[in-house]
Amino acid sequence: MAYDPENVFAKILRGEIPCDKVYEDEHALAFNDIAPQTPTHVLVVPKGAYVSSDDFAEKASDAEIAGFFRAVGQVARDLGLVEPGYRFLSNHGAHAHQEVMHFHIHIFAGTDLGRMVKPREKQG
Ligand code: AMP
């Protein structure tokens, strides 16, 4: 899939629409999710144009990958999430219900998150 520069996170990165920023460095921008699913729900996006985790893993430079994941860790530390714990995940593609086609990691925290994904028999 080709990268669409009109996706909402590209617009946020260009400053065309606002975000509730929590962290920024040369490799990444982090901001609060507009529809939080947990008390803390932060999105971390790389500054480069990558559609998804697959695209990022294949095409990003080592410096971009290292910088991005260091930023994820920095955000979690800055928000005081290391000790209580947190979960991060990234949705890729249709089965994962990826909605925004710019690679991003969700950081969920602030409550007991349960274990992993819902068991198959409980999925809606
Ligand atoms: P995903 O399904 O992994 O692509 O998740 C996309 C996420 O982006 C969802 O959790 C949305 O609530 C979130 N989102 C969409 N638009 C915005 C926005 N303008 N600012 C912050 N978060 C957003």
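Numbering of ligands and ligand atoms starts at 1, following listing order.
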Considering heavy atoms of the protein only, find what lies nearest to [atom] and give residue, atom and distance to 0.1 Å.
{"atom": "atom 19 (N) of ligand 1", "result": "Val8 CG2, 3.7 Å"}
{"atom": "atom 2 (O) of ligand 1", "result": "His97 O, 3.0 Å"}
{"atom": "atom 8 (O) of ligand 1", "result": "Phe9 CZ, 3.4 Å"}

- Give a yes or no on whether Arg87 atom CZ has more than 12 heavy-atom contacts from other residues, nucleotides or ligands under 6.0 Å away.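 Check passes, neighbour count above 12.
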
- Check the surroundings of atom CD in Glu83: do more than 12 heavy atoms from other residues, nucleotides or ligands lie under 6.0 Å from it?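 For Glu83, atom CD is not crowded (no more than 12 foreign heavy atoms under 6.0 Å).
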
- Message: Looking at ligand 1, is there an atom of it that comes within less than 4.0 Å of some heavy atom belonging to His106?
- Response: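 Yes, His106 has heavy atoms under 4.0 Å from ligand 1.
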
- Mark the output for Asn32 as yes if a heavy-atom distance to ligand 1 is under 4.0 Å, and as no if none is.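 Heavy atoms of Asn32 do come under 4.0 Å of ligand 1.
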
Pairs of nitrogen or oxygen atoms closer than 3.5 Å, one from [X] and one from ligand 1: do any exist?
{"X": "Glu99", "result": "yes"}
{"X": "Phe31", "result": "no"}
{"X": "Asp33", "result": "yes"}
{"X": "Ile34", "result": "yes"}
{"X": "His41", "result": "no"}

- Message: Less than 4.0 angstrom from a charged side-chain N to a carboxylate O is my criterion; do Lys47 and Glu24 meet it?
- Response: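 Salt bridge: yes.
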
- Query: Would you call Tyr86 and Leu79 a side-chain contact if the rule is heavy atoms closer than 4.5 Å?
  - Reply: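 Answer no - side chains too far apart.
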
- Message: Are Phe108 and His41, when compared by the centres of their aromatic rings, separated by less than 6.0 Å?
- Response: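 Distance test on ring centres: under 6.0 Å, yes.
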
- Query: Can the ring centres of Tyr50 and His102 be said to be less than 6.0 Å apart?
  - Reply: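 No.
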
- Query: Under 4.0 Å from any heavy atom of Ala35, which atoms of ligand 1 are there?
  - Reply: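 In order of numbering, the contacting atoms are 12 (O).
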
- Task: Could you list which atoms of ligand 1 come closer than 4.0 Å to a heavy atom of Leu43?
- Result: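 Within the 4.0 Å cut-off of Leu43, ligand 1 contributes 8 (O), 13 (C), 22 (N).
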
- Item | Verdict with reasoning, Phe103 to Phe9, per ring-ring contact (aromatic ring centres under 6.0 Å, His included) | CA-CA 9 Å; Phe103 172 48; Phe9 295 167; over 10 Å; no

- Does the pair Leu43 and His106 meet the rule for a side chain to side chain contact (heavy atoms under 4.5 Å, CB included), with working shown? CA-CA 5 Å; Leu43 302 172; His106 298 254; 3.3 Å; yes

- Can you tell which part of His104 has a heavy atom less than 4.0 Å from ligand 1: side chain, backbone, both or neither?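 For His104, the contact with ligand 1 is made by the side chain alone.
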
- Query: Would you say the side chains of Asp78 and Gln74 form a donor-acceptor pair under 3.5 Å?
  - Reply: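 Looking only at side-chain atoms, Gln74 and Asp78 do form a donor-acceptor pair, the distance falling under 3.5 Å.
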
